[in-house]
Protein chains: 2
Amino acid sequence: MPTTEVIASIQPSPPPVGGHTERNCAFKVACSSCNLRELCLPLGLTTQELERLDKLVATRRSVRRGDALFRAGEPFQSLYAVRTGFFKTCVSAEDGRDQVTGFQMAGELLGLDGISGDSHSCDAVALEDSQVCVIPFADLERLSREFVDLQRQFHKIMSREIVRDHGVMLLLGSMRAEERLAAFLLNLTQRLQARGFSPSALVLRMTREEIGSYLGLKLETVSRTFSKFQDDGLLEVKQRHIRILDQAGLQQLVNGATC
Amino acid sequence: MPTTEVIASIQPSPPPVGGHTERNCAFKVACSSCNLRELCLPLGLTTQELERLDKLVATRRSVRRGDALFRAGEPFQSLYAVRTGFFKTCVSAEDGRDQVTGFQMAGELLGLDGISGDSHSCDAVALEDSQVCVIPFADLERLSREFVDLQRQFHKIMSREIVRDHGVMLLLGSMRAEERLAAFLLNLTQRLQARGFSPSALVLRMTREEIGSYLGLKLETVSRTFSKFQDDGLLEVKQRHIRILDQAGLQQLVNGATC
DNA sequence: CGGCTGATTGAGCGTCGTCAATTCAGGTGG
DNA sequence: CCACCTGAATTGACGACGCTCAATCAGCCG
């Protein structure tokens with residue numbers, strides 16, 4: 001399942017503007033002509049606003065699989081919009097324990113955690129070769145003081161992240177292993193579908209261990225639950241290739257139909 | 001442990017401005033003279049900005065113990081800053097399961113979840129008789145377009161909520177019962193201490209069941225863990241009255257010193 | 001092909017949930 | 001003032017879900 005035809009009108013990058021110290025500067029695609037604009041920051045903006053946003057989001061950055069876009073403790077300067085690829089974010093406790101807090105795909109924002117303390121509080125690691133748009137936060141704040149729609153959209157994105165986190169808390173706090181995995185798969189397919197991918201076939205970009213960390217389970221439990229879903233005829237599982245055979249069945253699981 | 005001397009210069013309320021349909025309008029205290037301003041939205045604002053904020057936060061609302069400040073599904077219009085009292089927020093799944101997502105005390109903001117979808121996505125319920133300052137969100141957005149400091153502070157507050165949520169995910173995803181309860185107690189006392197309360201004596205405003213819901217445990221487990229902490233000499237537990245005897249011991253528990 | 005990482009599967013155990021009984025605190029009314 | 005009632009908290013016994021430890025298997029890349 002390669003990244004689809006989403007990539008449009010890629011142009012050679014101009015020299016980085018403004019003296020930002022972004023590590024690998026790559027290409028430039030205007031937000032106004034980006035296929036992800038309906039899923040990303042530009043949603044709802046007027047043509048004029050889009051033009052200004054285009055100037056703001058001037059640099060891009062490539063991150064290779066396994067590399068970090070940023071790490072906890074690094075100074076916060078920019079937000080990042082995933083253009084292509086796939087990321088995980090994870091927080092770490094002092095004792096080394098760590099927890100995957102989310103998986104991000106094209107059109108989703110990374111780095112919101114850094115605003116509060118002027119430094120990032122989690123790691124963002126690419127799970128496949130990826131590209132992000134760099135959004136200097138000071139510029140974004142400035143522009144969002146000018147444009148109501150941009151301000152509004154940014155606030156909605158932050159709020160949506162909070163609502164998402166609450167959903168994860170519900171999952172971690174009160175669901176059992178099968179319910180968690182079912183909810184996770186349905187969430188993934190839903191987001192992939194919004195990006196034009198098949199709702200029934202997907203390739204997991206993360207390991208069983210990463211899924212387990214996200215869901216508060218051990219990797220063996222994740223693996224076992226996948227096998228059980230296969231036995232029950234809900235899924236077809238071939239390593240990281242998943243085919244959903246009974247979406248309604250998964251949905252039932254999430255809604256406590258186990259009782 | 002009654003609400004301390006925090007309440008200052010309470011004045012009779014003027015008639016509600018702007019036609020907001022807030023249910024019970026109560027008192028008015030200017031943000032500029034509020035004892036909580038260093039913990040709340042006014043943090044870092046200039047005198048001029050504070051004056052404008054004072055006009056914006058014109059109404060207050062009293063919520064009696066057990067009543068909801070807002071409920072999931074209700075239209076979102078305003079944020080709320082807790083002035084006195086104590087709240088819980090909880091989300092519900094379709095099947096009735098619900099999850100406490102947080103406890104809010106004086107100076108903390110409620111309602112951020114509502115921004116994303118123009119309606120609230122969780123319930124906010126008072127755990128004791130409380131008062132909140134009503135912050136009409138449209139006004140806040142307008143004012144934060146004028147004032148950099150206000151914009152910045154608001155963004156920091158949203159981001160802080162995201163970081164907090166990630167901490168809860170870590171707790172729910174990878175800690176055991178004792179660690180969860182210890183982390184919870186330390187967090188509570190820390191926040192109470194920032195508000196001038198004793199770091200060692202506290203009164204829980206919530207039931208064991210609510211604590212359990214927040215921590216992803218059953219109420220019996222919470223109760224048992226309290227008892228164990230008492231046996232171990234970490235706490236003195238008398239129903240909802242808790243005295244912390246060994247803060248360092250609790251801290252050790254949180255940092256996986258169980259091994 | 002060999003070595004490596006990730007995934008699967010099994011056996012046994014531990015933590016926490018379930019069910020149930022009892023105690024405790026607070027409020028109400030006789 | 002005490003008996004009563006209700007909701008919350010405590011404590012015990014038991015069982016299940018998921019974790020631990022371990023062996024095996026499947027891909028992948030040098």
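Below, read A as the first sequence line, B as the second, and so on, with proteins coming before strands; counting in each chain starts at 1. Here the structure is a predicted model, which means the values were calculated and not measured.
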NZ/NE/NH1/NH2 to OD/OE distance under 4.0 Å, E108(A) and R195(A): yes

Summarise protein proximity over nucleotides 18-30 of chain D in one line of letters, 5' to 3': B for base, S for sugar-phosphate only, - for none, counting protein heavy atoms closer than 4.0 Å. SSBB---------

Taking NZ, NE, NH1 and NH2 as the nitrogens, is one of them in D129(A) or R65(A) under 4.0 Å from a carboxylate oxygen of the other? no

Before you tell me yes or no, could you show the steps for D113(B) and V91(B) under side chain to side chain contact (heavy atoms under 4.5 Å, CB included), namely the whole-Å CA-CA distance, both residues' side-chain angles and the distance that decides it to 0.1 Å? CA-CA 10 Å; D113(B) 58 283; V91(B) 296; over 6 Å; no

Nearest whole angstrom, please: distance from the P of dA8(D) to the CG of L204(B). 15 Å

I211(B) and F226(B), any side-chain heavy atoms less than 4.5 Å apart: yes

Taking the side chain as every heavy atom from C-beta outward, state whether C34(A) and R83(A) have any atom pair closer than 4.5 Å. yes

Starting at CD of E209(B) and ending at C1' of dT10(D), how long is that distance when rounded to a whole Å? 15 Å

Euclidean distance, atom CD of residue Q230(B) to atom C1' of dT10(D) [Å, nearest integer]: 11 Å

For the residue pair H120(A) and F70(A), does the interplanar ring angle fall in the parallel (under 30°), tilted (30 to 60°) or perpendicular (over 60°) class? parallel

Would you say that more than 12 heavy atoms from the other residues, nucleotides or ligands in this model lie under 6.0 Å from the CZ of R240(A), or not? yes

Which two nucleotides bound the region of DNA chain C that has atoms under 4.0 Å from heavy atoms of chain A, read 5' to 3'? dG6(C) to dA11(C)

Any side-chain N or O of R240(B) under 4.0 Å from OP1/OP2 of dA8(D)? no

What does S223(A) touch in the nucleic acid at a heavy-atom separation under 4.0 angstrom: a base, only the sugar-phosphate, or nothing? base

From I162(B) atom CD1 to L112(A) atom CG, the distance as rounded to the nearest 0.5 Å: 5.0 Å

